[in-house]
Peer 1: 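Encoded as structure tokens, here's the structure I'll be asking about.
Residue numbering restarts at 1 for every chain, and letters A, B, ... go by the order of the sequence lines. This structure is a prediction, so every number in the text was calculated from the model and none was measured.
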2 protein chains.
Amino acid sequence: MDDALRAVADPTRRAIMELVRDDERSAGDIAARFPGMSRPAVSQHLRVLADAGLVAVRRDGNRRLYALRPAGLADAAGFIERMWSAQLGRLKEAVESE
Amino acid sequence: MDDALRAVADPTRRAIMELVRDDERSAGDIAARFPGMSRPAVSQHLRVLADAGLVAVRRDGNRRLYALRPAGLADAAGFIERMWSAQLGRLKEAVESE
DNA sequence: AGTCTGTGTAAGAAGTTGCTTACACAGCGT
DNA sequence: ACGCTGTGTAAGCAACTTCTTACACAGACT
């Protein structure tokens with residue numbers, strides 16, 4: 001989970017995740033969406049995402065296709081849900097004490 | 001959201017959030033749970049969490065009491081949900097194509 | 001075989017983070 | 001008023017991130 005949350009902390013990486021959310025995309029295609037950044041920079045972000053299990057990579061001839069792997073967010077989602085449930089619990093208390 | 005996700009990326013800060021999840025705790029109380037770390041270090045983490053809107057601070061005489069503010073995670077939760085929903089969509093497609 | 005296209009990796013510069021120690025300062029108790 | 005307790009802030013340092021440019025290398029096309 002640590003890796004996933006660290007990976008997601010970066011706005012560029014989140015943007016990449018949104019990009020590959022619905023369709024597989026090649027590295028070059030993704031890089032082209034970040035005109036202000038060099039291609040290697042994007043490649044490095046892709047590596048971080050892949051290492052964190054947030055995207056899946058597939059080779060297609062020359063290219064590498066990236067796709068979202070939402071399962072990688074499971075632990076992160078668990079953390080957030082755990083925090084949320086605290087509020088729900090307190091809300092319940094508040095309601096009951098009225 | 002940026003701030004919240006960045007704040008949550010740090011494991012110490014996540015541990016602090018778990019600590020104040022159910023009960024308000026004083027800064028000193030929290031710091032005491034991290035024996036390997038100096039008190040100012042914890043204080044700085046608390047500031048990051050407060051700035052990100054993830055904890056609420058309240059003064060009680062001498063002390064400052066921190067409590068979880070789960071609402072601060074709303075945007076982060078939204079992001080994760082958006083990513084998750086992608087998988088649900090694809091799962092649906094897969095099921096339908098069988 | 002040679003070259004072009006698509007991509008990753010290496011090395012290094014610049015900024016950011018997360019700590020430490022030393023200090024500042026408000027509120028409580030004597 | 002004075003000192004003690006609880007806490008935040010300042011300054012500085014080491015480690016880590018995130019870029020950049022230069023290079024490496026695999027696969028497709030002729």
Peer 1: Look at the side chain of A:R69 and the backbone N and O of A:A56, then say whether any donor-acceptor pair between them is shorter than 3.5 Å.
Peer 2: no

Peer 1: If you take any heavy atom closer than 4.0 Å to DNA chain D, which residues from residues 40-48 of chain B end up in contact?
Peer 2: B:P40, B:S43, B:Q44, B:R47

Peer 1: If you pin A:R63 and B:R13 to their nearest nucleotides in DNA chain C, which one's is more 5'?
Peer 2: A:R63

Peer 1: Under 4.0 Å between a side-chain nitrogen and a carboxylate oxygen: does that hold for A:R14 and A:D10?
Peer 2: no

Peer 1: With each end axis built from five pairs of C1' atoms, what bend angle do you get for the helix from C:dA1-D:dT30 to C:dT30-D:dA1? Round to 10°.
Peer 2: 10°

Peer 1: Which heavy atom of B:R21 sits nearest a heavy atom of A:M83, and at what distance?
Peer 2: CD-CE, 3.8 Å

Peer 1: Give me the residues of residues 26-39 of chain A where at least one heavy atom lies under 4.0 Å from an atom of DNA chain C, by number, or none.
Peer 2: A:S26, A:A27, A:G28, A:R39

Peer 1: A:L49, B:W84: one ILVMFWY side-chain cluster at the under-4.5 Å cut-off?
Peer 2: yes

Peer 1: Where do A:A67 and A:E24 come nearest, in terms of heavy atoms and distance?
Peer 2: CB-CG, 3.7 Å

Peer 1: Distance from B:H45 atom NE2 to B:M17 atom CE, nearest 0.5 Å?
Peer 2: 13.5 Å

Peer 1: Decide whether B:F34 and B:V20 are clustered together by the hydrophobic rule: side chain heavy atoms of Ile, Leu, Val, Met, Phe, Trp, Tyr closer than 4.5 Å, transitively.
Peer 2: yes

Peer 1: Could you go step by step and tell me if A:V8 and B:V8 meet the side chain to side chain contact (heavy atoms under 4.5 Å, CB included) rule?
Peer 2: CA-CA 10 Å; A:V8 159; B:V8 160; over 6 Å; no

Peer 1: Is a side-chain N or O of A:D60 found less than 3.5 angstrom from the main chain of A:R63, in a donor-acceptor match?
Peer 2: no

Peer 1: Please list, in 5' to 3' order, the outermost nucleotides of DNA chain C lying under 4.0 Å from any heavy atom of chain B.
Peer 2: C:dT17 to C:dC28

Peer 1: Determine the minimum heavy-atom distance between B:A4 and B:G72, stating which atoms define it.
Peer 2: CB-O, 3.6 Å

Peer 1: Should B:L65 and B:L54 be counted in the same cluster of Ile, Leu, Val, Met, Phe, Trp and Tyr side chains packed under 4.5 Å apart?
Peer 2: no

Peer 1: Would a distance-only check, ignoring hydrogens and angles, find a side-chain to backbone donor-acceptor pair under 3.5 Å from A:R64 to A:R58?
Peer 2: no

Peer 1: Protein within reach of the bases, or only the backbone? For nucleotides 25-30 of chain D, mark each nucleotide 5' to 3' as B, S or -, using heavy atoms under 4.0 Å.
Peer 2: -BBS--

Peer 1: Filter on salt bridge (charged side-chain N to carboxylate O under 4.0 Å, His left out), then keep only pairs touching residues 36-47 of chain A, sequence neighbours left out; what's left?
Peer 2: A:R47-A:D51

Peer 1: Is it true that B:L19 and B:V55 fall in one hydrophobic cluster, defined by side-chain heavy atoms closer than 4.5 Å?
Peer 2: yes

Peer 1: Please report the interatomic distance CG(A:L73) to CZ(B:R82), rounded to the nearest 0.5 Å.
Peer 2: 11.5 Å

